[in-house]
Amino acid sequence: DGGITQSPKYLFRKEGQNVTLSCEQNLNHDAMYWYRQDPGQGLRLIYYSQIVNDFQKGDIAEGYSVSREKKESFPLTVTSAQKNPTAFYLCASTPGREGADTQYFGPGTRLTVL
Amino acid sequence: RKEVEQDPGPFNVPEGATVAFNCTYSNSASQSFFWYRQDCRKEPKLLMSVYSSGNEDGRFTAQLNRASQYISLLIRDSKLSDSATYLCVVNPPGKLIFGQGTELSVKP
């Protein structure tokens, strides 16, 4: 089945730890995105990548890092510099490089900082 | 002013009701518009794109009013399964902005 997978579904982290969230797609999509969703708020863009080995900061990139070494993979690292990391993290992809294409989302990872 | 703002929810309606959501946007250069549906603790999924001429998909009708800078979603004959949060998404140049969502709860 084609789609986007994210793992783990739930993640608990102690303060001061870095943690990496996985995102994989087998849709052969060019662009991939990371969003953060907080209760009662819309999705906010963290980072996006339109091609392999290239990525751009979104609106709230501070405290996060990404890599795009393969077309199908776009992992997100939440570093200890992120002041309030507890949130629902969503990865998405689009067929082309335009964000206005239909966004296909993964099931998300819920990160909780203890 | 927020770039995209939706009707605050929740909307609680009985089965069979007609319900409408509005979404305003601030950037008049916005080119594409969408409605996404998000079930509780799940990922958003595209419900429908919104075209200038308006479009309909079964019980769902989307409208765009460029002059007043808003889009709307009308749901007729609400079903229990329509209960979800509906996200308005707007595409100003170079960006994609998600609204905060409007929660709909359809009751028997």
Side-chain angles (χ1 to χ4, degrees), chain A residues 2-11 21-25 27 29 31-50 56-61 86-112, chain B residues 1-11 21-27 29-52 55 57 62 64 71 73 84-105:
Chain A
I4 301 180
T5 57
Q6 290 185 242
S7 62
K9 189 172 182 179
Y10 298 96
L11 187 57
L21 281 58
S22 167
C23 177
E24 304 277 331
Q25 54 100 358
L27 300 167
H29 285 178
M32 298 185 73
Y33 309 80
W34 273 105
Y35 294 93
R36 169 185 172 136
Q37 187 176 33
D38 294 282
Q41 295 193 37
L43 278 65
R44 292 183 289 167
L45 183 64
I46 304 172
Y47 268 99
Y48 66 99
S49 167
Q50 294 174 309
Q56 307 295 330
K57 291 182 178 180
D59 299 319
I60 55 165
T86 294
F88 187 39
Y89 289 87
L90 287 157
C91 179
S93 68
T94 55
R97 298 174 184 178
E98 291 297 323
D101 288 343
T102 299
Q103 300 245 332
Y104 294 81
F105 287 89
T109 292
R110 291 195 178 273
L111 173 63
T112 302
Chain B
R1 181 182 175 187
K2 288 184 180 178
E3 291 185 274
V4 174
E5 196 147 10
Q6 296 189 234
D7 284 339
F11 282 56
F21 307 134
N22 286 319
C23 169
T24 58
Y25 60 95
S26 61
N27 191 326
S30 297
Q31 299 174 341
S32 305
F33 308 87
F34 310 88
W35 284 102
Y36 278 72
R37 171 192 168 128
Q38 185 174 23
D39 292 300
C40 188
R41 304 180 75 82
K42 300 280 190 180
E43 73 274 23
K45 293 185 180 177
L46 179 67
L47 178 65
M48 56 198 306
S49 301
V50 186
Y51 303 120
S52 296
N55 48 303
D57 182 3
L64 166 63
I71 65 173
L73 177 68
T85 296
Y86 291 84
L87 305 174
C88 160
V89 183
V90 176
N91 168 224
K95 300 176 75 171
L96 196 66
I97 309 294
F98 286 78
Q100 80 274 24
T102 300
E103 184 183 345
L104 171 65
S105 180

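Note on naming: letters A, B, ... go to the chains in the order of the sequence lines (proteins, then strands), and numbering restarts at 1 for each one.
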Spacing of A:D59 atom CG and B:K95 atom NZ [to the nearest 0.5 Å]: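 Reported value, rounded in 0.5 Å steps: 5.0 Å.
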Interatomic spacing from CD in A:Q37 to OG1 in B:T85 - rounded to 0.5 Å: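 So the gap between those two atoms works out to 8.0 Å.
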Proximal component of B:Y36, with respect to chain A [non-hydrogen, under 4.5 Å]: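 B:Y36 touches chain A through side-chain heavy atoms alone.
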Which portion of B:Q38 sits near chain A, non-hydrogen atoms under 4.5 angstrom: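 For B:Q38, side-chain heavy atoms alone lie under 4.5 Å from chain A.
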Heavy-atom pair of closest approach, residues B:L96 and A:Y35: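 Between these two residues, the closest heavy atoms are CD2-OH, 4.0 Å.
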Which atoms of A:L45 approach chain B - backbone, side chain, both or neither, heavy atom under 4.5 Å: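 For A:L45, neither part sits under 4.5 Å from chain B.
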Counterpart residues, side chain to side chain contact (heavy atoms under 4.5 Å, CB included), relative to A:T5 (two or more places apart):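 Applying side chain to side chain contact (heavy atoms under 4.5 Å, CB included) to A:T5 gives A:E24.
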Counterpart residues, side chain to side chain contact (heavy atoms under 4.5 Å, CB included), relative to A:R110 (two or more places apart):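 A:R110 satisfies side chain to side chain contact (heavy atoms under 4.5 Å, CB included) with A:Y10, A:F88, B:R41 once adjacent residues are dropped.
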When B:G99, B:G101, B:P44 are compared by non-hydrogen pairs under 4.5 Å with chain A, the top option: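 Counting heavy-atom pairs under 4.5 Å, the top option is B:P44.
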Partner chain A: residue of B:K2, B:E103, B:Q100 with the largest heavy-atom pair count (under 4.5 Å):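 Ranked by contacts with chain A, first place is B:Q100.
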